[in-house]
Amino acid sequence: MRIVLGVGGGIAAYKVASLLRLFTEAGHNVTVIPTEASTRFVGSATWEALSGNPVSNSVFDDVHQVNHVRLGHEADLVVVAPATADLLAKAATGQAGDLLTNTLLMAHGPVLFAPAMHTEMWQHAATRANVETLRGRGAAVLEPATGRLTGADSGPGRLPEPEAIFAAAMALVEGRQDFQLPLAGRTITISAGGTREPLDPVRFLGNRSSGKQGVALAVAARNAGANVRLLAAHMEVPPPAGVEVVQVETALQLREAALAAAADSDVVIMSAAVADFRPAEVSDTKIKKRDDRSDPVITLVRNPDILLELVELRNSTVRGEGHQLIVGFAAETGDSDGDVLAHAEAKLQRKGCDLLVVNHVGTDKVFGQDTTSVVILARSGSEPQEASGTKTEVSAAIISRIAFELNAVSPRA
Ligand code: CTP
């Protein structure tokens, strides 16, 4: 596929290098057209090297090739990232002062704008009107991500992560109406991995959680346009790019991080394997073998139930239950008291979370494996939903269920 990648003059231009790589690695032929202003952030040499194609932003370069007509005509897709307020305005009013705006006027295929700007500029009536105009003409304008902006401020206006723009672009080319990122503007906190509870400076009580499920969820949420915060306990896999990582070790640290992160999260997913108990005492020095050969005794105390506390915290705020979706995980086995689903249903009621993702353990192992099979139970009482496949596929199913629940309860403004 021939793609024209227009780069606007915003600080987020540097992120577009990753987007370009995603396109070229998928086998597409990309011509980059930076605006004059954008070359102050990323030079043309970067685009030439990464795309393997010549780069120009002037209609007067290679005039004999009539680039201002040809590029737009030939493109199967035009993506503009970052689409600044200025570029959106120029596109909406049909200006044609440089090669990119000429190309936009000549484009025959789908056009995708990925905006990035300060929140006030995004929310300004002028920008809103320009976005509406462009959408009204059939262009796809993504919702920007929410989160930290260039300065100390935060809000909607961040460029969606390159993987999210890539996913939207591919959906658009396939003619899908749901190209809009379902979690754009949402903040999702995901805990992952297994906590470690220290006994002394060198020993700990741990568990077999690899963190793969939590990381796969973080990737799926990021690709759905969410602003993702990963609370990473011990993991065997690296955290993905494009998510904010908060490193924790113990259940108590995870509790503190989760309660703090929950304050501005639309969704909290507790996929970490949290130790239910911790040693009552942590020795400052390494515990030694005793001379009298007696066996050491470790006394355990209960850790707080973080999921339960998150639900209580949410329900006690003035905004009430509806403003946040809380998702728990459960690894269950059937026994003489009931089957897996009966136990899971009881846990869902006990914990009070909105969704419970149930892994059936025992018959096949879950920890560290790449494939899994889950049932998603909802407190609203809707039918249990099954999902199986790789952890990536299952995570995508969980994230789209979350997006569905979220958009049903509080549609995006
Ligand atoms: N969880 C938590 N805090 C804990 C223990 C678990 O937040 N101290 C969360 C997990 O992250 C998971 C869910 O609770 O989302 C269910 O965990 P699980 O260990 O299966 O449930 P328990 O409450 O420990 O129930 P039980 O061991 O009795 O089955």
Side-chain angles (χ1 to χ4, degrees), residues 188-198 204-218 221 229-235 246 248-262 265 267-280 300-315 324-362 365-367 372-379 387 391 394-395 398-399 401-402 405:
I188 299 202
T189 293
I190 302 172
S191 70
T195 65
R196 288 180 160 184
E197 310 297 325
F204 58 82
L205 298 180
N207 61 62
R208 288 181 185 276
S209 173
S210 65
K212 280 182 185 168
Q213 181 72 74
V215 165
L217 283 165
R229 205 175 284 143
L230 184 69
L231 309 181
H234 176 72
M235 307 197 306
V246 179
V248 297
E249 186 171 343
T250 65
L252 291 180
Q253 287 169 0
L254 178 55
R255 171 183 177 272
E256 203 172 309
L259 294 179
S265 295
V267 181
V268 184
I269 308 178
M270 282 297 297
S271 66
V274 187
D276 287 322
F277 307 100
R278 67 178 182 277
L300 299 177
V301 291
R302 281 187 74 150
N303 271 328
D305 187 322
I306 304 168
L307 185 58
L308 203 65
E309 280 193 55
L310 285 166
V311 171
E312 284 169 0
L313 177 71
R314 176 196 65 183
N315 295 355
Q324 188 176 67
L325 194 86
I326 302 181
V327 183
F329 268 70
E332 298 288 345
T333 54
D335 60 21
S336 55
D337 289 334
D339 64 6
V340 173
L341 280 190
H343 284 301
E345 195 58 56
K347 186 171 285 183
L348 176 65
Q349 297 310 328
R350 206 165 58 237
K351 301 242 183 187
C353 51
D354 303 287
L355 298 176
L356 190 70
V357 181
V358 187
N359 278 302
H360 184 181
V361 290
K365 293 198 189 74
V366 175
F367 293 123
T372 187
S373 162
V374 303
V375 177
I376 307 172
L377 297 183
R379 203 158 54 92
K391 284 188 175 173
V394 168
S395 298
I398 296 169
I399 291 298
R401 175 64 187 268
I402 287 172
E405 298 280 335

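Just so you know, ligand 1 is whichever comes first in the structure, and atom 1 is the first atom listed for that ligand.
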- Message: Quick test: of every protein heavy atom, which one is nearest to atom 14 (O) of ligand 1, and how far off is it to 0.1 Å?
- Response: Lys351 NZ, 2.9 Å
- Message: Out of all atoms in ligand 1, which are within 4.0 Å of some heavy atom of Asp305? Include the element for each.
- Response: 2 (C), 3 (N), 4 (C), 7 (O), 8 (N), 23 (O)
- Message: Quick test: of every protein heavy atom, which one is nearest to atom 16 (C) of ligand 1, and how far off is it to 0.1 Å?
- Response: Phe329 O, 2.8 Å
- Query: So, for Ile190 and Gly214, which heavy atoms are closest and what is the spacing to 0.1 Å?
  - Reply: CG2-O, 3.8 Å
- What do you reckon, does Ala272 have a nitrogen or oxygen under 3.5 Å from a nitrogen or oxygen of ligand 1? yes
- Query: Judging by distance only, is a nitrogen or oxygen of Ile306 under 3.5 angstrom from one on ligand 1?
  - Reply: yes
- Counting each atom of ligand 1 from 1 as listed, which ones have a heavy atom of Pro304 under 4.0 Å away? 3 (N), 4 (C), 8 (N)
- Message: Strictly distance-based, threshold 3.5 Å: is any side-chain N or O of Arg229 a donor or acceptor partner for the main-chain N or O of Ala261?
- Response: yes
- Message: Between Arg314 and Asp354, does any NZ, NE, NH1 or NH2 come within less than 4.0 Å of an OD or OE carboxylate oxygen?
- Response: yes
- Closest protein heavy atom (residue, atom, distance) for atom 26 (P) of ligand 1: Lys347 NZ, 3.7 Å
- Query: For the residue pair Lys351 and Asp305, what are the closest heavy atoms and their distance?
  - Reply: NZ-OD2, 2.8 Å
- Query: What protein heavy atom sits nearest atom 28 (O) of ligand 1, and how far away is it?
  - Reply: Arg350 NH2, 4.2 Å
- Message: Minimum distance, heavy atoms only, to atom 7 (O) of ligand 1: which one of Asp276, Leu307, Ile326, Leu254 is it?
- Response: Leu307
- Task: Looking only at distances, please establish whether an N/O atom of ligand 1 is found under 3.5 Å from an N/O atom of Val327.
- Result: no
- Within 6.0 Å of CD in Glu256, more than 12 heavy atoms from elsewhere: no
- Item | Backbone or side-chain N or O of Met270 under 3.5 Å from ligand 1 N or O | yes
- Check whether any N or O atom of Asn303, backbone or side chain, sits under 3.5 Å from an N or O atom of ligand 1, and answer yes or no. no
- ligand 1 versus Ser271, non-hydrogen atoms closer than 4.0 Å: side chain, backbone, both, neither? neither
- Query: So, for Ala378 and Arg401, which heavy atoms are closest and what is the spacing to 0.1 Å?
  - Reply: CB-NH2, 3.5 Å
